[in-house]
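Naming convention: chains lettered A, B, ... in sequence-line order (proteins, then strands); numbering from 1 in each chain.
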Number of protein chains: 2
Amino acid sequence: MGMPTLREVAEEAGVSLATASRALSGSRGVTVENEQAVKHAAARLGYRTNGIARALRSHRTQMVGVLIPHIADPFFPRVVQELERSLQRDQRSILLVDSLGDPTLERERINDLLDRQVDALVVVPAHPQESCTTIELAAATVPLVQLDRPVAAPTDVASIDHRGGIYLAVDHLVAGGCRRLSFVGAESPLEAVTSRRDAFIERLQHHGLPLPTTTPLGSFSVAWGAEAAGALLHTDPSVDGIVCANDLIAIGVLRALRARGRIVPDEIAVTGFDDVGFAEVSDPPLTTIRQPVSELGRAAAELLTARIDADEHRPPRHITLPAELVQRGSTTPVGATTTRVTATADTPGTMGEQSQ
Amino acid sequence: MGMPTLREVAEEAGVSLATASRALSGSRGVTVENEQAVKHAAARLGYRTNGIARALRSHRTQMVGVLIPHIADPFFPRVVQELERSLQRDQRSILLVDSLGDPTLERERINDLLDRQVDALVVVPAHPQESCTTIELAAATVPLVQLDRPVAAPTDVASIDHRGGIYLAVDHLVAGGCRRLSFVGAESPLEAVTSRRDAFIERLQHHGLPLPTTTPLGSFSVAWGAEAAGALLHTDPSVDGIVCANDLIAIGVLRALRARGRIVPDEIAVTGFDDVGFAEVSDPPLTTIRQPVSELGRAAAELLTARIDADEHRPPRHITLPAELVQRGSTTPVGATTTRVTATADTPGTMGEQSQ
DNA sequence: CTGAAAGCGCTAACAA
DNA sequence: TTGTTAGCGCTTTCAG
């Protein structure tokens, strides 16, 4: 009793162990009769192949390690979902670990994953500098893709064009008639975040519009958004458009504006960033920049499979995905027929179609 | 070259393969000198133990399969995070798969996980009936814990006391002075959802309060909440408290009330259910019932480790965790000092402390 | 196309 | 306490 082994299946089918293995693992070089005989025998005995034995022998576990700084962050689960779906198509599974944003823990977890012989790694680095050597070391052992906030290591990367996203927001407000724009930002060590303010300034200059006297930085919170908006109305009463570094801040801004009786979007338009769940249910619904999370997961999976199945030693590739503008009620609508406008990507190509 | 094996470590340390194994895997019965020698040799060679070989030999992979109907659902990632953290303490990792809510896919994924020789499974069933045989079959092979919405199979279960959560909401409204309560619900095949309406009715009867003429059921959406609230004000203009089946519905209700100039919470109080992100940032902030998601993950991990490490054949246990009331601005505050009130659990005991 | 044999790297009996 | 010896269940040469 216990699970039947391949040897028993072979005996039941009247063939050798080798033939049974070939028949079940789909290798060529087995007569149709033998193949059927083996498959029937396997079905009769309720045989299930032992993935661990297979992995030990074949040096392939068909497992991909996925390391995330904080699994519960609303951003990552959607990436993981698409990653899982994409990898599943190649019979690969995800071994999921959480670094809790700690570089030391991150290093341990990566070693755990490598000990388990994962075929590849997808990593969202915990820290822009401290994660670097860990990632380089890991990348020397297995194919590795960095996601979303790459450190300076020579690996494949899939990330999002935050800068282009801010451009979209500014362009949209300008197209809607805004001329005095302000920015409410947040402090962060992540380049993905700090670049948003720079992008805002650049784009104003591009349009030849006046720069705001200050671009205040606070936290990613409703309270900060409300506070900053209050100050802003005081500093620059003629402001007619506010670009926010994320949706929470934007919600705070909306609330402060309402408290002061300013009509959104007629008097002042507001944009967010991220398109988290409540952007859609805020009042008014928030125009925001959506990050293409599913596409990010898929891009990572593509980079990985390409490197595992094909050219293991090609130079690193960097896929940057365009963010998109989601028009809702907090800005003056532009172009009645379209609701979504896509930014141009740095590296288009593979990511053309969209399945979700 | 390539990775050094334990054999090479043994040679380097001048001991046998077996001793080297014992020294590194922490088995008793090795002299301190030998243990040190082996560990130094391992460090010198950069030895890393091969988890696959170990698993094949020891019949333990230290992997737990986790099957979720929809990873990106805001509810599950937090459960998974806590699950991961708890299992990590016992050196176990999570193999994560998504059934997409499809019982057929669910069956395939469970078989994948079993083929990979997971030591145990945590399953959120895709369907209250169709998942049953799959789960029974799997539970016959490895320890299995059902999470959150159990099917009728004799396994360990960790779930949440939704009924008690609704009781909390009703009691809170009553304590705040409400006397004419209504319920806005949603249709669903899940018992966890349908039981909410029943619990509402029960609790009104318990308080001797009048039952509403209808308890409308719609979808989990803002639009439905707004629609239902509009109808409700028409049917029963004297309503002074509305219990909603989830937060999205409550947001819709709040919006409809504001549109009609009804003051929340002074004229009408509103409660939600789930405590998703935007409950906190709605206007007014939503009083709601929080599901103890982290605790749920931890409970599942406890059930699992108990069954793996200890008594594999004890009868199934069912842990039901209490929901808690989170008081915010959409209801009249009760008891100025406390903000959170915890319901009594069916099965208290193990889940007393709280770390997150 | 098929089978026999040789392990993948490790742990678990068993004997010393 | 240590070493020797068998494998875990499978894939993959290598002959035939």
In whole angstrom, what separates Leu56(A)'s CG from dC10(C)'s C1'?
8 Å
To the nearest Å, how far apart are Asn50(A) CG and dC8(D) P?
11 Å
Distance, rounded to the nearest Å, where Leu45(A) contributes CG and dG9(D) contributes P
15 Å
Spacing between Glu11(B) atom CD and dG3(D) atom C1', to the nearest angstrom
14 Å
What stem regions, each of at least 3 consecutive Watson-Crick or G-U pairs below 3.5 Å, can be found for DNA chain D?
C:1-16 with D:1-16
Spell out protein contact along nucleotides 11-16 of chain C as letters: B when the base is contacted, S when just the sugar-phosphate is, - when no protein heavy atom is under 4.0 Å; keep the 5' to 3' order.
BBB---
Contact list for residues 99-111 of chain A, test salt bridge (charged side-chain N to carboxylate O under 4.0 Å, His left out), sequence neighbours left out
Arg109(A)-Asp112(A)
Please determine whether a side-chain nitrogen of the Lys or Arg among Arg314(A) and Asp156(A) lies less than 4.0 Å from a carboxylate oxygen of the Asp or Glu.
yes
Nearest whole Å is fine: how far is dC8(C) P from Met3(B) CE?
16 Å
I want to check one thing: is the phosphate of dG3(C), taken as OP1 and OP2, less than 4.0 Å away from some side-chain N or O of Thr19(A)?
yes
Roughly, in whole Å, what's the span from CD1 in Ile52(A) to P in dT11(D)?
13 Å
Taking CG from Asp115(A) and P from dC8(C), how many angstroms apart are they, rounded to a whole number?
19 Å
Side chains of Thr134(A) and Ser131(A): any donor to acceptor distance under 3.5 Å?
no
Sequence neighbours excluded - side-chain hydrogen bond (donor to acceptor under 3.5 Å, both in side chains) pairs with any residue from residues 20-29 of chain A:
Ser25(A)-Ser27(A)
Roughly how many Å is it from CZ in Arg7(A) to C1' in dC10(D), rounded to a whole number?
10 Å
Selection residues 48-59 of chain B - residue pairs positive for side-chain hydrogen bond (donor to acceptor under 3.5 Å, both in side chains), sequence neighbours left out:
Asp115(A)-Arg48(B)
May I ask you to say whether Lys39(B) pairs ionically with Glu35(B), meaning some side-chain N is under 4.0 Å from a carboxylate O?
yes
Can you list the steps and then say if Gln146(A) with Thr155(A) is a side chain to side chain donor-acceptor pair (under 3.5 Å)?
CA-CA 7 Å; Gln146(A) 293 189 72; Thr155(A) 72; 3.0 Å; yes
Please work out which residues in residues 28-43 of chain B have a non-hydrogen atom less than 4.0 Å from an atom of DNA chain D and list them by number.
Gly29(B), Val30(B), Thr31(B), Asn34(B)
Looking just at side-chain N and O atoms, do Thr61(B) and Arg116(B) make a donor-acceptor pair shorter than 3.5 Å?
no
Looking at Asp98(A) and Arg85(B), does any basic side-chain N land under 4.0 Å from a carboxylate oxygen?
no
Is there a side chain to side chain donor-acceptor pair (under 3.5 Å) between Asp148(B) and Ser159(B) once you walk through the steps?
CA-CA 4 Å; Asp148(B) 180 52; Ser159(B) 65; over 6 Å; no
Indicate whether any N or O donor in one side chain lies under 3.5 Å from an N or O acceptor in the other, for Glu12(A) and His40(A).
no
